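One structure is given below, encoded as structure tokens.
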Amino acid sequence: MASIKEFNRGAWTAEEDRKLAEVIEINGPRRWKTIAAKAGLNRCGKSCRLRWMNYLRPNIKRGNITEQEEDLILRLHKLLGNRWSLIAGRIPGRTDNEIKNYWNSHLSKKINQVEKQNEGSRSSKRRRVIDHKANEEVKRGESSSNGGEDHSKVKFDDDDFFDFSNESPLTLEWLNKFLDLDNNNNSLCELS
DNA sequence: AACAACCTCAACCGCATCAGA
DNA sequence: GTCTGATGCGGTTGAGGTTGT
């Protein structure tokens with residue numbers, strides 16, 4: 001019977017962090033299996049990578065998410081869905097894990113609350129209009145068999161969520177860059 | 001003070017994708 | 001083209017902390 005190596009699991013110690021950081025400084029953040037071995041850590045490479053990415057990496061911003069960041073996360077999530085690494089890539093100093101956790105523990109609840117409130121307060125007239133539009137979109141989608149030019153299937157109930165008219169010039173510039181970048185990469189095509 | 005319920009977040013797991021042989 | 005190891009990602013878990021009773 002081949003012996004299967006048992007790795008350390010659970011919380012990292014300060015000593016382990018120090019060893020890992022030392023080896024990465026020399027070798028760079030790649031070949032995690034080798035790094036784990038060189039550092040003399042009884043950890044799997046995957047675990048080392050995660051520790052580095054989420055905690056030890058330079059320029060990681062720790063502490064509370066600001067209101068601006070929260071707003072950005074909400075919008076990006078609306079745009080990208082649960083693609084945490086993409087979202088994190090747009091928020092300097094934050095990791096995908098951090099954003100994912102923040103979403104699951106704070107924002108998903110917040111959104112549920114808002115949706116419940118909206119359901120109660122939204123006038124039935126407005127709802128009828130939205131439902132009608134949605135039905136039309138579905139009909140149109142069904143009738144255009146090959147999809148063709150029909151990108152209208154992507155629709156949002158709360159259009160005001162993407163109302164950027166009150167944004168600062170800096171945020172607008174950032175948003176433009178963001179959208180340009182994704183258009184160039186065609187990465188938004190995957191979203192449909 | 002003691003306990004339960006709830007919350008947060010670091011870490012793990014499984015799968016997909018990439019890159020090199 | 002295929003195989004294999006490395007890497008990246010999103011979902012999930014669970015330990016530890018906080019709050020409520």
Side-chain angles (χ1 to χ4, degrees), chain A residues 1-117 153-154 156 161-162 174-175 177-192:
Chain A
M1 176 184 153
S3 65
I4 297 166
K5 183 164 170 125
E6 284 282 328
F7 289 113
N8 275 356
R9 296 161 59 107
W12 281 67
T13 64
E15 178 67 5
E16 284 178 312
D17 282 346
R18 191 187 56 76
K19 285 179 179 174
L20 181 62
E22 256 177 29
V23 175
I24 289 173
E25 199 168 322
I26 296 164
N27 297 279
R30 68 192 111 86
R31 296 250 160 205
W32 294 103
K33 217 171 164 179
T34 314
I35 285 173
K38 279 188 177 170
L41 296 170
N42 192 25
R43 299 265 184 181
C44 66
K46 230 175 172 179
S47 179
C48 293
R49 177 188 164 271
L50 202 70
R51 183 63 178 170
W52 171 258
M53 298 299 284
N54 289 335
Y55 197 83
L56 296 174
R57 206 159 40 118
N59 303 325
I60 285 196
K61 210 191 281 179
R62 308 203 66 78
N64 293 343
I65 303 259
T66 65
E67 266 182 43
Q68 276 184 331
E69 285 172 323
E70 182 180 308
D71 187 50
L72 211 47
I73 292 168
L74 282 164
R75 291 176 191 212
L76 288 170
H77 185 269
K78 188 106 183 174
L79 196 62
L80 300 167
N82 292 1
R83 299 170 77 178
W84 307 116
S85 62
L86 265 182
I87 295 173
R90 312 294 180 186
I91 305 175
R94 300 293 184 185
T95 69
D96 54 352
N97 209 31
E98 194 177 10
I99 288 168
K100 182 170 58 182
N101 282 332
Y102 189 72
W103 179 269
N104 288 332
S105 57
H106 295 87
L107 298 182
S108 60
K109 284 177 201 161
K110 236 183 203 182
I111 281 181
N112 282 340
Q113 279 178 359
V114 168
E115 277 177 357
K116 275 183 186 168
Q117 277 177 9
K153 273 187 260 180
V154 180
F156 305 99
F161 201 85
F162 282 123
W174 178 90
L175 280 164
K177 272 185 193 166
F178 170 77
L179 291 169
D180 281 350
L181 193 66
D182 271 335
N183 282 336
N184 291 340
N185 293 339
N186 285 333
S187 58
L188 286 175
C189 296
E190 299 168 23
L191 297 174
S192 55

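Numbers restart at 1 for each chain; the letters A, B, ... are given by sequence-line order, proteins then strands. None of the values given here were measured: they were computed from a predicted structure.
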A/Arg43 to A/Ala36 - nearest heavy-atom pair and separation: O-CB, 3.4 Å
What are the two closest heavy atoms between A/Tyr102 and A/Ile73, and how far apart are they? CD2-CD1, 4.3 Å
Rounded to whole angstrom units, what separation is found between the [atom1] atom of [X] and the [atom2] atom of [N]?
| X | N | atom1 | atom2 | result |
| --- | --- | --- | --- | --- |
| A/Met53 | C/dC9 | CE | C1' | 10 Å |
| A/Ile99 | B/dA10 | CD1 | P | 13 Å |
| A/Leu50 | C/dT13 | CG | P | 17 Å |
| A/Ile87 | C/dG10 | CD1 | P | 8 Å |
| A/His106 | B/dC9 | NE2 | C1' | 10 Å |
| A/Asp17 | B/dA10 | CG | P | 12 Å |
| A/Glu98 | B/dA10 | CD | C1' | 11 Å |
| A/Tyr102 | B/dA10 | OH | P | 14 Å |

Nearest of [options] to any side-chain atom of [X]?
| X | options | answer |
| --- | --- | --- |
| A/Arg49 | C/dG10, C/dT7, B/dA10 | C/dT7 |
| A/Arg83 | B/dA11, C/dG10, C/dT12 | C/dG10 |
| A/Ala11 | C/dT7, B/dA11, C/dG10 | B/dA11 |
| A/Arg62 | B/dC9, B/dA10, C/dG10 | B/dA10 |
| A/Trp32 | C/dT7, C/dG10, B/dC12 | C/dT7 |

Between A/Lys19 and A/Glu22, is the closest basic N to carboxylate O distance under 4.0 Å? no
Under 4.0 Å between a side-chain nitrogen and a carboxylate oxygen: does that hold for A/Glu69 and A/Lys61? yes
Remember a base hit wins even if backbone is also touched, and classify [X] as base, sugar-phosphate or nothing at under 4.0 Å, heavy atoms.
| X | result |
| --- | --- |
| A/Asn54 | nothing |
| A/Gly10 | sugar-phosphate |
| A/Asn101 | base |

Quiz item: A/Lys33 side-chain donor-acceptor pair to C/dG5 base, under 3.5 Å: no
Compare side-chain N and O positions of [X] against OP1 and OP2 of [N] and report whether any pair is under 4.0 Å apart.
| X | N | result |
| --- | --- | --- |
| A/Arg9 | C/dG14 | no |
| A/Asn97 | B/dA11 | no |
| A/Trp84 | C/dG11 | yes |
| A/Ser85 | C/dC9 | yes |
| A/Arg51 | B/dA11 | yes |

Parallel, tilted or perpendicular, as decided by the 30° and 60° cut-offs, for the rings of A/His77 and A/Trp84: parallel
Nearest heavy atom decides the nucleotide; on that basis, is A/Lys46 or A/Trp12 closer to the 5' end of DNA chain B? A/Trp12
Side chains of A/Arg90 and A/Leu72, heavy atoms from C-beta outward: is any pair under 4.5 Å? no
